[in-house]
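Notes to accompany the following structure.
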Amino acid sequence: MTDAPKAAKPRRKTAVKAAETPAPTPVREVEALIIGAGPSGLSACIKLKEQGVTDTVILDQANRIGGTWAVNDYPGLQCDVPSEMYSLGFAPNPEWTRTYAPQAEIQRYLEKVAHDFGIVDHVRLNTRVEDARWDAASARWHITTAGGEHYSARFFIPAAGYIGEAKMPHFPGQDSFKGAVFHSGLWNHDYDLRGKRVAVIGCGASAIQFLPAIQPKVGHIYSFQRTPTWVLPKPDYAVPEPVRKLFKRVPMLEKLVRESALLGFEPLLPLFLRENLVKRFGNRLGEMNIRLGIKDPAMRKALTPDHTFGCKRPLLSNDWYPALAQPNVTVLFQGLHHITENGVVGDDGKEIPVDAIIFGTGYAVAEPAIYRIIKGADGRSLSEHWQGCPRAYQGMAIHGFPNMFMMLGPNSHSLVGSVMWTSEHQAIYIAQAVKTLQQGGHRQLEVRRPVQDAFNAGIEGKLAKMPIRADVCETYYLDKGGRNQFVWPEYGVNIKKRLTQFESGDYAWG
């Protein structure tokens, strides 16, 4: 006889919770949002504050204030503009220890500027912007960060500069390399270079600084130079302590030195507008510097560029050529073809065993990532709008992008000053524009298309006379169409006048 089956216990009902909808991230409304805590972003925030606009925020993906000087810290990094010129006119610095300041001093200076002008609390570090788009209905910019934060800003000021995003190339076989690989803009300070065999790819502004700095400690350097460039002597020396003390006691003296230096560069504009003069004087000075540093005639000839001085960015160094002449440096006048597990192979097909590869290949100047994340009135990004040929009005205002000013934008760079000089004057202009809109009770302003076109047409003739052209050499100064996208070929006094006198008639108001 079998046991009767036991009655099944009733199953306990489990309460089913409805899926919880995450709470929307609150939107923080600000009057002005700035991308970049470098010279441009800090200047914009300070000048806005002087106009009474204090509801501002600066977003920067670095972990400290300083812009490119916070991100870049490779050995030997210095400014290539005299220190007195590479400072903000409204924030003089009597403490420069050298005529060409090193990276650490510049970063500390910019950090001090932020503290002295009381804008540190406006800065949000370790914050990367992923999207910025104009909303016509609200007449505001909507900005989203990688951390999921949302901002709504009446004014949008991209001030990320153009030397921040390292241009890291990728060669065949690079992933199989067993040694260290890094870019000068992302220097690996944990890797010990002492006694190592190092391949240095590139001979531009970064390489001429870090190669001499690491040369004494490495075992051997293989310098790949497909296109040597002109390098001039650098009048760099220590600033005596009595001079620094004098500048501190007599600020007007330091200002006089700075203004005199700026005015001293004004005569260079006519020179750069006459290619034959540039070639005559620039090339000869460059050749003289090669003779001073290189004794071997064959190497001198190989290091002499075949393009006119000024087409590529003129470089300054006293130790570049002496470093190349050292017995533990081999200069290879060719490009890098591919990489193996244990070395590099140039265009000649010969493999060279190395322990590390350092790329001094510059930055994503022509097409930085920020161009792709900024969307204007028609929904298109700056990249889509420009198609590789950027245009703006006075390097800042762009038709189709209302209530936005891009600092150090297309054709904003003066031949006589520095990015600091440009930044402080662009900041004055932007602050005036913001204040004008506020006082007039408007919702938006946008540079008129004819005004933008007229500005660019006005500088085309001068740009065509400069040696920065596609028929002279290849350079990052040129856009996809072969036009110089960097230089504003005008006297500094005229640029200063235009940037310190905002003209409301150049804009459409809504």
Side-chain angles (χ1 to χ4, degrees), residues 35-43 58-83 85-88 93 96-98 100-114 123 125-128 158-169 180-191 193 198 200-215 229 234 236 313-317 319-320 356-370 407-408 413 418-420 422-423 476 486:
I35 298 181
S40 300
L42 298 179
S43 295
I58 302 176
L59 306 182
D60 195 295
Q61 61 184 359
N63 60 7
R64 57 182 178 172
I65 291 171
T68 187
W69 298 102
V71 176
N72 289 273
D73 58 358
Y74 56 79
L77 176 54
Q78 277 185 294
C79 180
D80 56 6
V81 175
S83 303
M85 295 172 62
Y86 205 82
S87 54
L88 299 164
N93 179 30
W96 297 122
T97 62
R98 303 197 65 82
Y100 288 80
Q103 173 267 336
E105 283 190 28
I106 299 173
Q107 191 275 325
R108 289 197 300 268
Y109 163 73
L110 292 171
E111 210 163 52
K112 184 176 184 298
V113 168
V123 182
L125 298 173
N126 300 302
T127 304
R128 179 167 56 86
Y162 60 97
I163 303 180
E165 184 183 346
K167 188 169 67 176
M168 185 71 170
V181 180
F182 53 92
H183 190 281
S184 59
L186 300 168
W187 196 269
N188 184 356
H189 291 280
D190 294 329
Y191 184 77
L193 288 167
V198 182
V200 173
I201 315 302
C203 56
S206 302
I208 71 160
Q209 293 187 330
F210 75 74
L211 186 150
I214 67 173
Q215 175 269 320
T229 192
K234 189 173 188 176
D236 180 36
R313 180 181 178 184
L315 305 177
L316 302 175
S317 175
D319 48 15
W320 170 244
I357 303 171
I358 305 175
F359 288 105
T361 46
Y363 301 84
V365 174
E367 188 68 20
I370 195 170
M407 302 188 75
L408 300 181
H413 300 272
S418 68
V419 292
M420 295 277 196
T422 302
S423 296
Y476 68 78
F486 269 82

> Hey, does D80 have a side-chain heavy atom less than 4.5 Å from the side chain of R313?
Replying inline: yes
> Given S423 and L408, is the side chain to side chain contact (heavy atoms under 4.5 Å, CB included) satisfied, shown in steps?
Replying inline: CA-CA 7 Å; S423 296; L408 300 181; 4.1 Å; yes
> Within a strict 4.5 Å, meaning less than it, do heavy atoms of the L125 and N63 side chains meet?
Replying inline: no
>> Restricting to non-hydrogen atoms, name the atom on P169 and the atom on T361 that form the minimum distance, rounded to 0.1 Å.
In response: CD-OG1, 3.3 Å
>> What verdict does the side chain to side chain contact (heavy atoms under 4.5 Å, CB included) test give for V181 and M168, after you've listed the backbone C-alpha separation in whole Å, the side-chain angles of each residue and the deciding distance to 0.1 Å?
In response: CA-CA 10 Å; V181 180; M168 185 71 170; 3.7 Å; yes
> What is the minimum heavy-atom distance between P75 and W187, and which atoms define it?
Replying inline: CD-CE2, 3.3 Å
> Heavy atoms, side chains only, cut-off 4.5 Å: are I358 and N188 in contact?
Replying inline: no
> Does the ring center of Y109 lie less than 6.0 Å from the ring center of W69?
Replying inline: no
>> Quick check: closest heavy atoms across L88 and S43, and the distance to 0.1 Å?
In response: CD2-OG, 3.4 Å
>> Please evaluate residues D73 and H189 with respect to the criterion side chain to side chain contact (heavy atoms under 4.5 Å, CB included), reporting the C-alpha separation (whole Å), side-chain torsions for both, the decisive distance (0.1 Å), and the verdict.
In response: CA-CA 9 Å; D73 58 358; H189 291 280; 3.0 Å; yes
>> Quick check: do R98 and Y100 have side-chain heavy atoms less than 4.5 Å from each other?
In response: no
>> Check for me whether the distance between the ring centres of F486 and Y476 falls short of 6.0 Å.
In response: yes
> Any donor-acceptor pair under 3.5 Å linking the side chain of S184 with the backbone of G360?
Replying inline: no
> Looking at A207 and P212, what are the two nearest heavy atoms and their distance?
Replying inline: O-CD, 3.7 Å
> Mind checking whether N72 and Y363 have side chains closer than 4.5 Å, heavy atoms only?
Replying inline: yes
>> If you compare all heavy atoms of D60 against all heavy atoms of A37, which two are closest, and at what distance to 0.1 Å?
In response: OD2-N, 2.7 Å
> Where is the tightest heavy-atom contact between A356 and Y191, given as atom of each residue plus distance?
Replying inline: CB-CE2, 3.8 Å
>> When you compare the side chain of L110 with that of P39, does any pair of heavy atoms fall below 4.5 Å?
In response: yes
>> Is any side-chain heavy atom of M420 closer than 4.5 Å to one of V81?
In response: no
